[in-house]
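As the structure is a computational prediction, the values presented were derived from the model and not from experiment. So you know, we letter chains A, B, ... as the sequences are listed, proteins then strands, and number each from 1.
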Number of protein chains: 2
Amino acid sequence: MKTGYREVKQALLNRLRAGEWPPGAIMPGEVQLAKEFACARVTVNRAIRELADEGIVRRRRRRGTEVLGDRGRQARLTLHQARQQVVGRGQVYAYRCLSQRRLVAGAGLAQRLEIPAGSALRALRCLHLADEQPFQLETRWICVKAVPEAAEQDFAAEPPGEWLMRLKPLSEAEHRIQAAAARPPEAARLQMATGAPLFVLQRRTWWRGDPVTWARLLHPGDAYELVVRDGV
Amino acid sequence: MKTGYREVKQALLNRLRAGEWPPGAIMPGEVQLAKEFACARVTVNRAIRELADEGIVRRRRRRGTEVLGDRGRQARLTLHQARQQVVGRGQVYAYRCLSQRRLVAGAGLAQRLEIPAGSALRALRCLHLADEQPFQLETRWICVKAVPEAAEQDFAAEPPGEWLMRLKPLSEAEHRIQAAAARPPEAARLQMATGAPLFVLQRRTWWRGDPVTWARLLHPGDAYELVVRDGV
DNA sequence: AAGTGGTCTAGACCACCTT
DNA sequence: AGGTGGTCTAGACCACTTG
């Protein structure tokens with residue numbers, strides 16, 4: 001039975017949990033650990049690299065592997081399209097495009113999207129339903145420059161999120177999560193009371209550095225939660 | 001100049017972005033790619049393994065590497081203690097313990113914490129302030145069985161989150177994020193109107209499988225947002 | 001049965017940073 | 001200047017799953 005990187009990693013984790021190397025301490029070097037575990041240095045390297053990826057230690061050349069202390073909790077979040085979320089709940093999904101327009105960016109939009117004023121945009125407002133009930137209200141802008149196909153695309157049948165995911169997968173993204181009070185038009189669309197809490201997810205994406213889209217996704221606060229299982 | 005795993009990964013990403021291998025397709029095997037890039041198989045392996053870690057492809061023995069299509073967006077979230085968040089904003093942090101009690105779990109609490117009814121608990125209510133303003137209202141239960149030191153600890157001076165992080169680092173966690181309406185006592189503590197939106201983060205943690213703590217962290221919705229940069 | 005990914009080894013060179 | 005981690009290589013064996 002050989003010593004694999006998983007065992008090495010687990011052994012190191014156990015020692016860390018036991019407080020053998022307190023935060024701030026420098027762990028033994030790879031060569032020494034490899035000798036101790038009777039394995040190749042690469043094996044130790046992979047074990048420790050994963051610990052570093054998980055934010056548990058920090059590695060620096062010449063300095064060694066430092067145990068981190070006040071690191072925050074890390075969690076891995078997966079955000080799905082509305083359709084997948086609804087189907088995953090075992091409900092019936094439906095999509096409705098409320099409006100789709102072409103426009104040019106004014107000063108405000110230009111700043112928010114980080115594009116030049118006057119850029120061509122596609123503006124959308126859509127509703128996603130779960131079992132006929134409003135699930136998500138989507139407001140979205142798409143930069144025609146980054147996605148020329150958007151200029152002529154009809155979004156009456158297909159949600160723009162899914163369309164974009166198909167056309168421009170592997171784009172970079174930034175997300176912001178907030179709680180906000182529903183304003184009258186939003187409340188009406190979502191069939192909730194004005195001022196009631198909304199779960200707000202805003203997403204901006206880039207394709208090779210160029211802004212692609214900006215979306216604001218609203219959920220009724222009493223019927224939505226985001227679950228993030230565990231660290232790393 | 002040799003071909004490193006970073007270059008291989010980038011090259012593969014570019015081809016994926018270009019649509020060379022659409023979702024559902026099976027990418028060439030490691031041996032073939034290694035030949036093409038004129039590098040060792042392990043180098044290709046590491047490149048593709050990272051793509052798999054990022055949820056872009058799925059690898060299965062004998063079957064090959066499959067390009068995923070409708071995967072959700074993956075994001076890496078880092079959750080810090082209230083103190084770090086406040087200090088990070090450039091504000092002055094203050095902590096106030098509103099109440100700390102000892103009690104035994106009733107049926108409801110026992111179920112929520114997944115512990116036997118009658119277990120000893122520590123119950124806390126704390127307020128975290130930023131520049132004298134309410135920042136976070138914390139309600140927390142700590143299982144004495146998993147953390148015996150909690151029975152006698154005085155939390156008047158130190159936030160329980162920081163204390164636990166020090167005592168039981170590297171615990172597992174589950175997070176839930178919601179938007180909710182402030183109930184009267186919460187609203188009063190946070191100096192906001194009843195019914196106004198709250199950003200709610202609930203966290204449960206385990207230490208080697210045993211439930212450790214359950215915390216409910218409330219932020220005024222109009223003054224808080226969670227930012228998640230990019231995928232992976 | 002065969003082919004794919006998963007992992008280990010031993011050795012090597014390099015890049016970087018602290019001393 | 002020297003020691004640390006970062007990475008590559010070539011070869012090997014294993015584990016799994018499909019045909």
Side-chain angles (χ1 to χ4, degrees), chain A residues 1-16 20-69 71 74 76 232, chain B residues 1-16 20-69 71 74 76 232:
Chain A
M1 133 145 189
K2 288 186 218 162
T3 309
Y5 81 93
R6 293 163 185 280
E7 294 162 85
V8 174
K9 182 181 173 186
Q10 198 53 51
L12 295 176
L13 258 180
N14 287 339
R15 293 192 199 177
L16 286 165
E20 183 161 337
W21 302 303
I26 301 292
M27 291 170 52
E30 293 186 354
V31 180
Q32 184 177 335
L33 288 171
K35 202 180 303 175
E36 178 186 338
F37 287 108
C39 67
R41 182 166 77 94
V42 182
T43 303
V44 175
N45 179 279
R46 178 157 179 195
I48 303 184
R49 194 202 317 143
E50 291 199 354
L51 294 179
D53 285 344
E54 293 164 17
I56 295 169
V57 301
R58 179 171 50 170
R59 319 197 73 188
R60 276 181 290 182
R61 285 168 154 121
R62 164 74 200 184
R63 190 136 189 294
T65 301
E66 178 190 359
V67 180
L68 295 179
R71 70 183 182 292
Q74 299 220 344
R76 191 129 167 194
V232 181
Chain B
M1 134 145 190
K2 287 186 221 165
T3 311
Y5 80 94
R6 294 162 182 281
E7 293 161 86
V8 174
K9 182 182 173 186
Q10 198 53 52
L12 294 176
L13 258 180
N14 286 338
R15 292 192 201 178
L16 285 166
E20 182 161 337
W21 302 303
I26 301 291
M27 290 170 52
E30 294 186 352
V31 180
Q32 184 177 335
L33 287 171
K35 201 182 303 177
E36 178 185 337
F37 287 110
C39 67
R41 181 167 78 97
V42 181
T43 302
V44 175
N45 180 279
R46 177 156 181 196
I48 303 184
R49 193 200 321 142
E50 293 200 354
L51 295 179
D53 285 344
E54 293 164 17
I56 295 170
V57 301
R58 180 172 51 171
R59 318 199 73 188
R60 275 181 291 183
R61 286 170 157 120
R62 165 72 201 187
R63 191 141 189 293
T65 301
E66 178 189 0
V67 181
L68 295 179
R71 71 181 182 294
Q74 299 221 341
R76 191 128 168 193
V232 184

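The distance from atom CZ of A:Arg6 to atom P of D:dC14 is 18 Å, rounded to the nearest whole Å. What separates CZ of A:Phe37 from C1' of C:dA10 is a distance of 19 Å, to the nearest Å. Rounded to a whole Å, the NZ atom of A:Lys35 is 13 Å from the P atom of D:dG3. Atom pair B:Lys9:NZ and D:dT7:P shows a separation of 11 Å (rounding to whole Å applied). Put simply, CZ on B:Arg58 is 15 Å from C1' on D:dC16, counting in whole angstrom units. When the P atom of C:dT18 is taken as reference, atom CZ of A:Arg59 falls 16 Å away, rounded to whole Å. Per the geometry, CG belonging to B:Leu12 stands 12 Å off P belonging to C:dG5, to the nearest Å.
Remark: the B:Arg62 side chain and the C:dA2 base include a donor-acceptor N/O pair separated by less than 3.5 Å. Between the base of D:dG6 and the side chain of A:Arg41 there is a donor-acceptor pair shorter than 3.5 Å.
OP1 or OP2 of C:dT4 has not a single side-chain nitrogen or oxygen of B:Thr65 nearer than 4.0 Å. Regarding contacts with the backbone of C:dT7, a side-chain N or O of A:Tyr5 is found under 4.0 angstrom from either OP1 or OP2.
For the side-chain hydrogen bond (donor to acceptor under 3.5 Å, both in side chains) test, residues two or more places apart in sequence or in another chain that qualify with A:Glu50 are A:Lys9.
Within a 6.0 Å radius of CD in A:Gln32, other residues, nucleotides and ligands contribute 12 heavy atoms or fewer.
When each of A:Cys39 and A:Arg61 is assigned the nucleotide of DNA chain C with its nearest heavy atom, A:Cys39 is the one assigned upstream, toward the 5' end.
The distance from the CG atom of B:Leu68 to the CZ atom of B:Arg58 is 6.0 Å, given to the nearest 0.5 Å. In this structure, OG1 on A:Thr65 lies 12.5 Å from CD1 on A:Ile56, to the nearest 0.5 angstrom.
When all heavy atoms are compared, the tightest approach of A:Phe37 to A:Leu12 is CE1-CD2, 4.2 Å.
In this structure, the side chains of B:Cys39 and B:Tyr5 stay at 4.5 Å or more apart for every pair of heavy atoms. With a 4.5 Å cut-off on side-chain heavy atoms, A:Thr3 and A:Thr43 do not count as touching. Annotation: side chain of A:Gln74 is in contact with side chain of B:Arg76 (closest heavy-atom distance under 4.5 Å). Within the 4.5 Å cutoff, the side chain of B:Ile48 has heavy atoms near those of the B:Leu33 side chain.
Residues from residues 21-34 of chain B that place a heavy atom under 4.0 Å from any atom of DNA chain C, listed by number: B:Gly29, B:Glu30. Residues of residues 43-51 of chain B that place a heavy atom closer than 4.0 Å to DNA chain C, in numerical order, are B:Asn45.
The side chain of A:Arg63 lies closest to C:dT18, out of D:dG5, C:dT18, C:dC8.
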